[in-house]
Amino acid sequence: MGRLDTGRILATLAVIMFACLAYVPTIVREGDIVFALTDVYLYETMINGLLLGGVLALLSLGLNLIFGVIDVVWICYAEVVMLGMYAIFYCHTVFGLPLIPSMMIGIALTAVLGYAIHYLVIRHLVNAQPINQLLATGGLLFFFQSAATLAFGIEFRNLGVSLGSFALTQDIYVSWARLAAFATAAICVLGLYLFLTRSYTGTAIRAISQDREIMTLMGVQQGRMYLMTSAIGGGLAGLAACLLVLQYDVHPFVGLSFGPIAFMICVLGGLGNMVGGFIAAFIFSELIALGGYHFDIEWGYVFAFVFFIVMMFIRPEGLLGKRS
Amino acid sequence: MALAIAGVLVVAAIVGLPPYPLHIMIVILIWAFTYTGWSLMGRFGLVSLGHGAFMGIGAYVTALLWNYGGLTPWLGIPVALACAVLLAVVVGYPCFRFRITGHYFALVTLALSEVVRQTIIATRDHTGGSLGFTPTPKGNDDTPSIIALQFDEKETWFVIAIVVWLAGLAIWRLVDRSMIRYALDAISEDEDSAAAAGINVTREKLKITMISAVMTALGGALYMQYQLFISPDTVSGIAISLQIVFAVVTGGIFVQLGPTFGAVITLLLAEILRVQIGTDAVGLDNAIYGIALVLFIIFLPKGILGSLIDRFATRRG
């Protein structure tokens, strides 16, 4: 069976699955197909799911870059986002800076943090076993979480800024913050794509992700490229933090609630494949949103994780990845 | 050496230790057993972040059967272990069959541990969700301790913990000296060559995964029976999975007493910091763990005990 066939079959299956998850529970519960098809709240859920996908896509973007280029899983990536959220929160509410400069400080700090993580830890482990890299960043996860607990306490903190929402139709409301996240994610994917394909540095980064040894011979400094990638990845985490802080409370363990999803999006989309990651983010977010609408939000997560496990068996290279 | 330690501990218990140190030792021994179970897989490069799932199943299935079915843990635990094995096969078989290794194996198992945690939370009507779950105390209808597997005396628990821990070490040794160890060593070096040499890669990996899952689930069930309280965050999820991996790496993944050593160090550190500094420093223990883990991976990849043994061996040899 050719690759295209497999792709088509999977796409068809995905559509059928989506329809089942979206409509069948309501049809079964209400016994009324027309009602299910015209259920306003269902459509609101779908739109919100779509927008949540934007947040998730943005969240996994930096991780995807690092994962794809350096081939290291930063288990602590969501914790970098968490620290970025705290930075913005403190700049804005404690030091009284306006929102936009606070966000810029947040992005700058996470970029520095990304640089530091690579310089202090990953640099020593670039040629180590993948598992050791994973565990070292796991140690950082513990450290960031606990450091945040020590420094900021375990209270839930809210920025207290709400962008509000607007009415799309009479019954469907959409939050500005989610729409902003969605738009930012789309712009960032495009920007990152242009950076990686059109700029000299971007080309070097892509080249080095293909072959470490040869590119060193060609005069590309591997260490410098990796540091730069880590800093960009950290900055993207900060950008995600800017948009998350508008929607969610900050607390030291917030990373655990979306960290796993971020890795799975990267892997499901195909490592280092930004577009694949984007699609994967929307699949996950719809599964979570619809699962949450019909059952419980936790069931939404269960569906998403089970879907990930099954997809890993069917297409380990990811939705749009190339089989190596 | 393990027997010597066990002997000293038993004597100490008979002489009569105060309840607090006894409690700490029981907890350490139960965790050490679980960690040993994980290290059986981990030492062969099968880094599972899904052991929180097996532990959660061991604890929750046993507790749910007791509360709702009145089934004694003597039967409930075997059922829970069977569930853990089933899950290990359902996820493990395709993983090994489709050759999912390295990062990918870690991420699939990570997803697994989250599936179990979220399922426990989602079925809150029966499991109590995030608020936790308490097995019915034996006192309610005067069930004998032995049937409820609930003992008031810490000494009884201490003996149980020691027996189980020794059994864990015995399994480790049995695996260490069996053919499966050579097969898995070969597989972790190079799967293709191992397969070419006639090793059934999928079957060998599945075997060790099942053993490991059973041990972890048993650890979870015992933890539940001893503490008589469980919550999704104390027996399942990523945090527990990482805690397991971390302690084993700290102690030493390749030596028999490494996981035990890891359990002693990590749990004592947490306990000492908690007692000394109190609640002002919530998280300090984990901050220290975290940094230590990073340093260990970079400078002492064999763990504390592993490195000590290496140094000792080279000096003698």
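Since the model is a prediction, treat every value here as computed from it, not as a measurement. Just so we're on the same page: letters track the sequence lines, and every chain starts at 1.
Contacts between Ile100(B) and chain A at a heavy-atom distance below 4.5 Å involve the side chain alone, from C-beta outward. Both the backbone and the side chain of Leu140(A) come within contact range of chain B, with heavy atoms under 4.5 Å apart. Only the side chain of Phe308(A) comes within contact range of chain B, judged by heavy atoms closer than 4.5 Å. For Leu141(A), the part sitting under 4.5 Å from any heavy atom of chain B is the side chain, from C-beta outward, and nothing else. Using a 4.5 Å cut-off between heavy atoms, Leu293(B) touches chain A through its side chain atoms alone. For Val249(B), the part sitting under 4.5 Å from any heavy atom of chain A is the side chain, from C-beta outward, and nothing else. For Leu135(A), the parts lying near chain B are the backbone and the side chain together; criterion is any non-hydrogen pair under 4.5 Å. For Val306(A), the parts sitting under 4.5 Å from any heavy atom of chain B are the backbone and the side chain alike. Proximity to chain B is absent for every atom of Phe295(A), based on heavy atoms less than 4.5 angstrom apart. For Val47(B), the part lying near chain A is the side chain, with the backbone staying farther off; criterion is any non-hydrogen pair under 4.5 Å. The contact between Met312(A) and chain B is made by backbone and side chain atoms together, counting heavy-atom distances below 4.5 Å.
Using cut-offs of 30° and 60° on the angle between ring planes, the pair His51(B) and Phe54(B) is perpendicular.
Under the 3.5 Å distance criterion, the side-chain polar atoms of Arg157(A) are matched with a main-chain donor or acceptor of Phe152(A). Checked by atom type and distance alone, the side chain of Ser285(A) pairs as donor or acceptor with a backbone atom of Ala281(A) at under 3.5 Å.
Annotation: maximal heavy-atom pairing with chain A below 4.5 Å, among Ala239(B), Gly42(B), Gly290(B), Ala292(B), occurs at Gly290(B). When Gly138(A), Pro260(A), Gly259(A) are compared by the number of non-hydrogen pairs under 4.5 Å with chain B, Pro260(A) comes out ahead. Your options are Val116(B), Thr119(B), Thr123(B), and the one with the most heavy-atom pairs under 4.5 Å with chain A is Thr119(B). Of the listed residues Phe303(A), Phe67(A), Phe253(A), Phe144(A), the one with more heavy-atom pairs under 4.5 angstrom with chain B than any other is Phe67(A).
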> Taking it one step at a time, do Leu87(B) and Leu112(B) satisfy side-chain contact (heavy atoms from CB on, under 4.5 Å)?
Replying inline: CA-CA 9 Å; Leu87(B) 185 70; Leu112(B) 177 69; 4.0 Å; yes
> Please walk me through it: do Leu244(A) and Val55(A) pass side-chain contact (heavy atoms from CB on, under 4.5 Å)?
Replying inline: CA-CA 7 Å; Leu244(A) 283 172; Val55(A) 179; 3.4 Å; yes
> Where do Arg117(B) and Asp233(B) land on the salt bridge (charged side-chain N to carboxylate O under 4.0 Å, His left out) test, with the steps shown first?
Replying inline: CA-CA 8 Å; Arg117(B) 192 177 77 95; Asp233(B) 297 311; 3.1 Å; yes
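In terms of heavy atoms, Thr45(A) sits closest to Ala289(A) at CG2-O, 3.4 Å.
Arg97(B) CZ to Leu206(B) CG: the interatomic distance, rounded to the nearest 0.5 Å, is 12.0 Å.
Look at Arg43(B) and Asp185(B) and you find no salt bridge, because none of the NZ, NE, NH1 or NH2 atoms lies under 4.0 Å from a carboxylate O.
For the side chain to side chain contact (heavy atoms under 4.5 Å, CB included) with Leu49(B), the qualifying choice from Thr109(B), Ile244(B), Leu107(B) is Thr109(B), the only one to do so.
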